[in-house]
K.L.:
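Provided herewith is a single structure, encoded as structure tokens, for subsequent inquiry.
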Protein chains: 2
Amino acid sequence: MDIDSVSPPGPRPTLRERKKQRTREALVDTALRLFTQRDFDSVTLDELCDRVEVSKRTFFRTFASKEEVAMAPYEDMWKAFIAELETRPVDAKRSILQVLQDAVLAAMRTMNTGDWAHRLLSCTRLAGRTPAIEAHCLYFCGVTVRAALDVLHRRFGLDPHDLRPRLALDILAAAFHRALETWADRPQDPTVEHLATDTLAAFAAIPGSLTLTGVAPANQGG
Amino acid sequence: MDIDSVSPPGPRPTLRERKKQRTREALVDTALRLFTQRDFDSVTLDELCDRVEVSKRTFFRTFASKEEVAMAPYEDMWKAFIAELETRPVDAKRSILQVLQDAVLAAMRTMNTGDWAHRLLSCTRLAGRTPAIEAHCLYFCGVTVRAALDVLHRRFGLDPHDLRPRLALDILAAAFHRALETWADRPQDPTVEHLATDTLAAFAAIPGSLTLTGVAPANQGG
DNA sequence: CACCACCTTGCCACTGAGTGGCGTTTGCTT
DNA sequence: AAGCAAACGCCACTCAGTGGCAAGGTGGTG
């Protein structure tokens with residue numbers, strides 16, 4: 001539950017922590033590779049732990065569930081989002097939703113190390129075809145939204161009984177998930193900047209989604 | 001995955017199906033009672049099956065998981081929502097979001113039999129304090145949204161690449177979940193009409209959530 | 001360098017969810 | 001009444017996840 005993988009705290013961490021971090025990265029890497037080559041369900045934790053040469057007990061000291069290791073890159077980004085939200089300037093001229101958009105864009109750009117984008121692509125596609133992973137992903141997103149709501153209340157002087165900030169966060173999550181979907185369908189190599197572009201496009205579609213109307217096809221059914 | 005519990009198809013179903021239905025209702029009732037009295041995790045399926053005098057094998061022929069039996073009332077309503085959406089008139093003067101609101105209100109009113117409201121209250125509160133149930137609930141909602149999107153594309157002549165219908169559905173889901181939260185906090189006895197009121201209130205808050213701005217508290221942090 | 005304290009790991013045994021196979025019961029049909 | 005198919009119960013099994021305890025590595029101290 002700690003966020004030591006997001007922002008290195010200046011002085012290099014102790015050897016013990018670096019080892020822990022290496023184990024964590026090896027687990028994520030190997031897990032994403034195995035889950036992608038075969039199926040999430042057909043890869044047992046025993047097999048994964050054998051490959052990384054780690055005991056199952058250690059696995060569960062690093063991740064809370066089999067799903068969590070697959071969604072680590074996604075979760076890391078949401079943790080960075082919370083951190084970003086803590087430092088955004090409060091400006092009455094910029095709507096909450098715009099501030100949230102700024103924060104999510106800034107968060108994904110802080111992840112621009114190594115090939116985080118490749119890992120995020122893997123776990124996004126994995127989530128798209130594995131119910132258990134998708135469920136875990138949505139739950140984690142819900143927890144993050146509640147944490148972000150606390151930050152909004154504390155820093156932006158909002159009424160805790162007002163539904164609107166919470167709805168704004170839900171809409172942010174929806175837009176970001178749509179962006180991920182679009183981005184994961186791109187044929188080229190995944191980059192953070194493409195993801196940013198798709199995120200902006202999803203946000204831009206929000207106002208129209210409230211007023212959009214339909215037209216009956218030629219053969220009107222019912 | 002069938003929806004035989006939602007709308008009785010005129011002629012009374014066969015005895016075999018009525019028995020199946022009784023078993024299903026007994027399982028839901030007993031499960032909600034046990035999960036509420038104690039904890040979701042501390043009630044084993046063996047215990048639940050003993051109480052209902054049903055084999056564990058039969059349980060898994062009726063529900064796909066331990067979480068599903070707890071969320072049955074919630075899932076039934078979403079199934080009714082899909083059915084409603086199939087029959088809503090197509091009117092270019094009414095926005096998609098308004099149509100969705102109509103459908104969800106109509107769906108909850110079709111559930112107005114027995115004490116569905118009480119069961120929904122139980123499972124809403126359960127979902128609020130049980131991660132595994134909340135995750136399953138969000139996943140099921142996601143599946144429903146995709147099914148609803150198909151209906152929109154087919155009946156309302158929308159472009160499959162347009163993000164707006166999908167965002168409208170995500171916003172609907174968010175508003176309904178906020179309504180459920182508000183409703184589950186009411187001290188009085190739960191009724192469908194109160195839920196409808198809270199749903200309308202949540203929908204009414206949507207436009208404002210896009211434009212809401214914050215103000216820094218006295219001690220501006222950051 | 002030696003030693004101790006502590007954090008981390010590995011091993012073992014265990015619980016409980018979920019699945020497949022198969023023989024038996026029960027409701028439907030003619 | 002007899003035959004059929006659906007549903008059920010029982011059994012054995014896999015695998016995720018947990019608790020306890022002993023062993024090994026790490027950091028700090030004299």
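First the proteins, then the strands, lettered A, B, ... as listed; each starts at 1.
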K.L.:
So, does B:Thr58 get its side chain near the phosphate of D:dG9, meaning an N or O under 4.0 Å from OP1 or OP2?
P.N.:
yes

K.L.:
Rounded off to whole Å, could you give me the NZ-to-C1' distance for the A:Lys56 and D:dA16 pair?
P.N.:
6 Å

K.L.:
Find the distance B:Phe63:CZ to C:dT19:C1' and express it as a whole number of Å.
P.N.:
18 Å

K.L.:
Which whole-number value in Å describes the distance from B:Gln21 CD to C:dG27 C1'?
P.N.:
17 Å

K.L.:
According to a strict under-4.0 Å criterion, is B:Lys20 in side-chain N/O contact with OP1 or OP2 of D:dA7?
P.N.:
yes

K.L.:
Starting at CZ of A:Arg24 and ending at P of C:dT8, how long is that distance when rounded to a whole Å?
P.N.:
15 Å

K.L.:
So which one's nearest nucleotide on DNA chain C is more toward 5', B:Thr44 or B:Arg57?
P.N.:
B:Thr44

K.L.:
Rounded to the nearest Å, what distance is computed from the CG atom of residue A:Asp46 to the P atom of nucleotide D:dG17?
P.N.:
12 Å

K.L.:
Are the side chains of B:Lys79 and B:Phe140 in touch, meaning some heavy atoms are under 4.5 Å apart?
P.N.:
yes

K.L.:
Rounded to whole Å, please give me the gap between CG in A:Asp41 and C1' in C:dA17.
P.N.:
14 Å

K.L.:
Measuring from the side chain of B:Arg16 (C-beta onward, heavy atoms only), which nucleotide among C:dG18, D:dA6, D:dA16 has the closest atom?
P.N.:
D:dA6

K.L.:
How close or far is atom C1' of D:dT18 from atom NZ of A:Lys66, stated in whole angstroms?
P.N.:
17 Å

K.L.:
Of B:Ser65 and B:Lys19, whose nearest nucleotide on DNA chain C comes first from the 5' end?
P.N.:
B:Ser65

K.L.:
Closest heavy-atom contact between B:Ala26 and B:Val52?
P.N.:
CB-CG1, 3.8 Å

K.L.:
Within the 4.5 Å heavy-atom criterion, are B:Arg38 and B:Glu47 side-chain neighbours or not?
P.N.:
yes

K.L.:
From the list C:dG21, D:dG17, C:dG10, which nucleotide is the closest neighbour of the side chain of A:Phe60?
P.N.:
D:dG17

K.L.:
So A:Leu32 and A:Cys123, do their side chains get closer than 4.5 Å, heavy atoms only?
P.N.:
yes

K.L.:
On DNA chain D, compare the nucleotides closest to A:Val43 and B:Arg61; which residue's is nearer the 5' end?
P.N.:
B:Arg61

K.L.:
Write down the distance between CG (B:Leu45) and P (C:dT15), rounded to a whole number of angstrom.
P.N.:
16 Å

K.L.:
So, the side chain of A:Trp116 versus the backbone of A:Val192: is there a donor-acceptor pair under 3.5 Å, distance only?
P.N.:
no

